[in-house]
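A, B, ... follow the sequence lines: proteins, then strands. Residue 1 opens every chain.
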Number of protein chains: 2
Amino acid sequence: MTEHKHEHKQSHEAMVQDMIHIMSQHGWRITEQRKKLAEIFAKADGYLSPKDVYDQMTVNYPNVSFDTVYRNLRLLSEMGALEQFYFMDGGLKFRASCTEHHHHHLICVNCEKTLTFDYCPMEQSLHLPGSFKIMNHRFEVYGVCEECQNPNAKS
Amino acid sequence: MTEHKHEHKQSHEAMVQDMIHIMSQHGWRITEQRKKLAEIFAKADGYLSPKDVYDQMTVNYPNVSFDTVYRNLRLLSEMGALEQFYFMDGGLKFRASCTEHHHHHLICVNCEKTLTFDYCPMEQSLHLPGSFKIMNHRFEVYGVCEECQNPNAKS
DNA sequence: GTAAATGCAAAGCGTTTGCACGCGG
DNA sequence: CCGCGTGCAAACGCTTTGCATTTAC
């Protein structure tokens, strides 16, 4: 119902359509499970573990299997619709890909809600040791989000 | 032999002694395997996976078991003698802890040799979104080290 | 109708645990 | 000589694979 627009974040509906479109483009069949998968990630404002996704899937498709979840998560990552990410504890999580621009993440260590920000340390005239050919980097900030700081947020 | 001096990196010998000292301090027994573990990490100039450590251990202790390696790696991490770290692929690795100062890492994606550097993006007046209470951060740069760039480095 | 996607079960991998023996203190 | 540390084996959690059935196209 709520038609949110000119934000840099597109509407849930549009995100779902985008992901479904990507899947068709790659010659994939649009199954109910994959539609649901797209919806789950469109709604989520943070990272989801395979288990999280599975749990949300089972609400509508009680007999979905774990391997279907994994299969589709991997396929969606490979084609860039999802970002996959190993958290500090080594756990694998996924989130809808922001393909628009380079950014980094501010992640709530409690609820794992994730905000993006544009500052990138690599844009500084960074003096690095050795003579490495730089390929890649990783920068994340971990903290407690406002809601999780607030005690009135009943557990 | 080499009397380590004002370098921030101490000699292998001293590192081994430090780690052994830490273990005694915590009431641990100094077994041959644990001595060897200390030597392995003193010699390594990058991160080692449990498998790497196991492989090096078996050279001298052919019937060492994987669980002993894991147990000691975990214990050494818990007491701060080792840093543990999940790589971008989610694989767990360990390296001798630099307890001296805050730093970040430049990691060779080929050989995983690791250099440390002092620049820290959090020291900038970093404008972050939301009102998170910052707890932690992670910053790593990945590249190819000079040796791995050089074709004359025979495989 | 045909090939792809699913669900089930079983295997795979990395890591942990329980227990009897061996060794450090 | 007491008890921690070890090695073996088995369990564990997470992820992947093989195969028959179901489903999208």
Whole-Å distance separating the [atom1] atom of [X] from the [atom2] atom of [N]:
X: A:Q84; N: D:dC14; atom1: CD; atom2: C1'; answer: 14 Å
X: B:N60; N: D:dG7; atom1: CG; atom2: P; answer: 13 Å
X: B:D89; N: C:dG14; atom1: CG; atom2: P; answer: 11 Å
X: B:F66; N: D:dC12; atom1: CZ; atom2: P; answer: 21 Å
X: B:L92; N: C:dC13; atom1: CG; atom2: P; answer: 18 Å
X: A:M57; N: C:dA5; atom1: CE; atom2: P; answer: 14 Å
X: A:L37; N: C:dT6; atom1: CG; atom2: P; answer: 9 Å
X: B:N63; N: D:dT6; atom1: CG; atom2: P; answer: 13 Å

Side-chain N,O (A:N72) to OP1/OP2 (C:dT6) below 4.0 Å: yes

Ring pair (Phe, Tyr, Trp, His ring centres under 6.0 Å) against [X], all qualifying residues, sequence neighbours excluded:
X: B:F94; answer: none
X: A:F66; answer: A:Y54, A:Y70
X: A:Y86; answer: none
X: B:H127; answer: none

Which pairs with one or both residues in residues 55-65 of chain A pass salt bridge (charged side-chain N to carboxylate O under 4.0 Å, His left out), sequence neighbours excluded? A:K51-A:D55

When you compare the side chains of B:Q25 and B:H21, does any donor N or O come within less than 3.5 Å of an acceptor on the partner? yes

Compute whether any side-chain donor of one residue and acceptor of the other, for A:E32 and A:Y61, lie under 3.5 angstrom apart.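 Yes, side-chain donor-acceptor contact under 3.5 Å.
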
Mind listing the N/O atom pairs, protein and nucleotides 17-21 of chain D, below 3.5 Å?
none

So which of residues 18-35 of chain A are in contact with DNA chain C, with a heavy-atom cut-off of under 4.0 Å? A:W28, A:R29, A:T31, A:Q33, A:R34

Does A:M88 have any side-chain contact (heavy atoms from CB on, under 4.5 Å) partners at least two apart in sequence or in another chain, and if so, which? A:Y142, B:N136, B:R138

So, using side chain to side chain donor-acceptor pair (under 3.5 Å) as the criterion, who are the partners of B:K36 when residues are at least two apart?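 Partners of B:K36 by the side chain to side chain donor-acceptor pair (under 3.5 Å) criterion come out as none, since no residue qualifies.
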
